[in-house]
Novice: 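Dumping the structure here so I can ask a few things about it.
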Amino acid sequence: MATDDFISNLPDEVLATIISGLPAIEAIRTTILSKRLKDVWRNVFRLDFDPKGVKKLFPAPNQRRSTVPVIQFGSNVCHDEGDDIDDTDPREEISRVVKNIDNVLLSHERNLISCRIVHLSNSYRSGDVEKWIKYLTSEKKVQELAFLCDDFQHEFYPVSLFGWGLNLPSGIFSCRTLQSLEFTNYDIRFHRPFHHCHNLKTLKLYYCDISSETLEAIVSSCDFMEHLSL
Amino acid sequence: MSTTVPKKITLRTADNHEFEVDEAVAMELGTVKTFFDENPDATDEPIPLPNVSSKCLSTIIEYCKFHLSLRARGNDSSSAEEEGKVYDEELIKTHDNESLVELILAVNYLNIKDMLDTLNQGVADRIKNKSVEYVRRFFGIENDYTPEEEAEIRAQYEWAFEGVDPDDD
């Protein structure tokens, strides 16, 4: 199966494109393959901070309940030895990736076309989400941004305690390069962040709580929107 | 310029097969297009493609023809997009690891961006969720790190290696 001179024939640019198709955590892992591969990941054009398997945890809403794992507070979920990640605590997986996002972004060397971040609601409250958005739009000239907020807390806390909305500074998404935004599992109560979005062509809001007034206000702020998915 | 460029263009592969293709198809190959842009007076001699086998070139020509015809339809873009996707998936499926790699090298040499993106994502999907050893075998990579260097990198990116079974494939 192995083609001996595959790597030596492929330019870094092509290798970086291949690695761009991997989740960020796997892209970084390619550093261990060989010296040639050591720094190639720093030139990927896409970073998808999705801990292995989280996509699987967000299937269609009608199946969602059954996949929510039982979380024991203060300890790990018990899992059968040697089994795959479906049995590990996804919140822990997410925290582990999220904790390293800043370092990864700083080590990464070129502009990003696309970035997707899966996080827990505490990243939102701590201001990390806002910081990432600012960094990605200003330093990385990102074109497509996607955020997925893990909502397992809904299962344990009354919604009133979960009463934060997407409360970000006015016009935070108005950077010229940003063309596509996606939010999953957000409570979107404010339209302020979408002010002056003359740049945005695509907005996707999945499993989001949003009133029709807020949505209307957002749409009217985004003059050049071409696609809106809810 | 278009009057000096022949309508049909002949391409000659590494294994000495000649392919006669429509100009529009040949222009999908970035390398060939650049050649004609830089040599507008080129004769209709066959263009040698020393890095491309006839097997790869016939796949590439089929791909270019198909995507050209999709683009020509233009107005019903959503069904064309769907058909394009199905075609691309089939293209990946019908190639084993080795021939996929060979095709990437050819497409990279010929500079066909869309096709390269499709193939690269196909490779990424195949090494997704695989162990380091599996990926090394896949690419034919020799581990040239000393055990100390390897340990150092694993320590540096500890979080990314946590919970990865090194023997899994």
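Keep in mind the model is a prediction, meaning the values are calculated, not measured. Per chain, numbering begins at 1; letters A, B, ... match sequence-line order.
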Novice: A:L22 versus B:I127: any side-chain heavy-atom pair under 4.5 Å?
Specialist: yes
Novice: Taking side chain as C-beta onward, heavy atoms only, is A:I28 less than 4.5 Å from B:F161?
Specialist: no
Novice: Non-hydrogen atoms of chain A under 4.5 Å away: do they reach the side chain of B:L119, the backbone, both or neither?
Specialist: neither
Novice: Would the number of heavy atoms belonging to other residues, nucleotides or ligands and lying under 6.0 Å from CD of B:E18 be above 12?
Specialist: yes
Novice: Just wondering, are more than 12 heavy atoms of other shown residues or ligands nearer than 6.0 Å to NZ in A:K131?
Specialist: yes
Novice: Does any backbone or side-chain atom of B:N51 lie under 4.5 Å from a heavy atom of chain A? Answer side chain, backbone, both or neither.
Specialist: neither
Novice: Is there side-chain contact between A:V104 and B:W159, with heavy atoms separated by less than 4.5 Å?
Specialist: yes
Novice: Does any backbone or side-chain atom of B:E150 lie under 4.5 Å from a heavy atom of chain A? Answer side chain, backbone, both or neither.
Specialist: both
Novice: So which heavy atom on B:Q121 is nearest to which on A:R46, and how close?
Specialist: OE1-NH2, 3.1 Å
Novice: What distance separates B:F139 CZ from A:L33 CG, expressed to the nearest 0.5 Å?
Specialist: 7.5 Å
Novice: Just checking B:E45: does its CD atom have more than 12 heavy atoms from other residues, nucleotides or ligands closer to it than 6.0 angstrom?
Specialist: no
Novice: In Å and rounded to the nearest 0.5 Å, what is the CG to OG1 distance from B:L116 to A:T17?
Specialist: 6.5 Å
Novice: Going by heavy atoms in the side chains, are B:I104 and A:V14 under 4.5 Å from each other?
Specialist: yes
Novice: Hey, is NZ on B:K85 packed in by over 12 heavy atoms from elsewhere, all under 6.0 Å?
Specialist: no
Novice: Side chain, backbone, both or neither: which part of B:E142 has a heavy atom under 4.5 Å from chain A?
Specialist: backbone
Novice: Do B:R136 and A:I32 have side chains that get closer than 4.5 Å, going by heavy atoms?
Specialist: yes
Novice: Any chance you could measure A:N103, atom CG, to B:Y157, atom OH, to the nearest 0.5 Å?
Specialist: 9.5 Å
Novice: Would you find more than 12 non-hydrogen atoms of other residues, nucleotides or ligands less than 6.0 Å from A:E13 atom CD?
Specialist: no
Novice: What part of B:N108 lies closer than 4.5 angstrom to a heavy atom of chain A: side chain, backbone, both or neither?
Specialist: side chain
Novice: Would you say A:R29's side chain and B:A160's backbone share a donor-acceptor pair under 3.5 angstrom?
Specialist: yes
Novice: With a 4.5 Å cut-off on side-chain heavy atoms, are A:K38 and B:I153 touching?
Specialist: yes
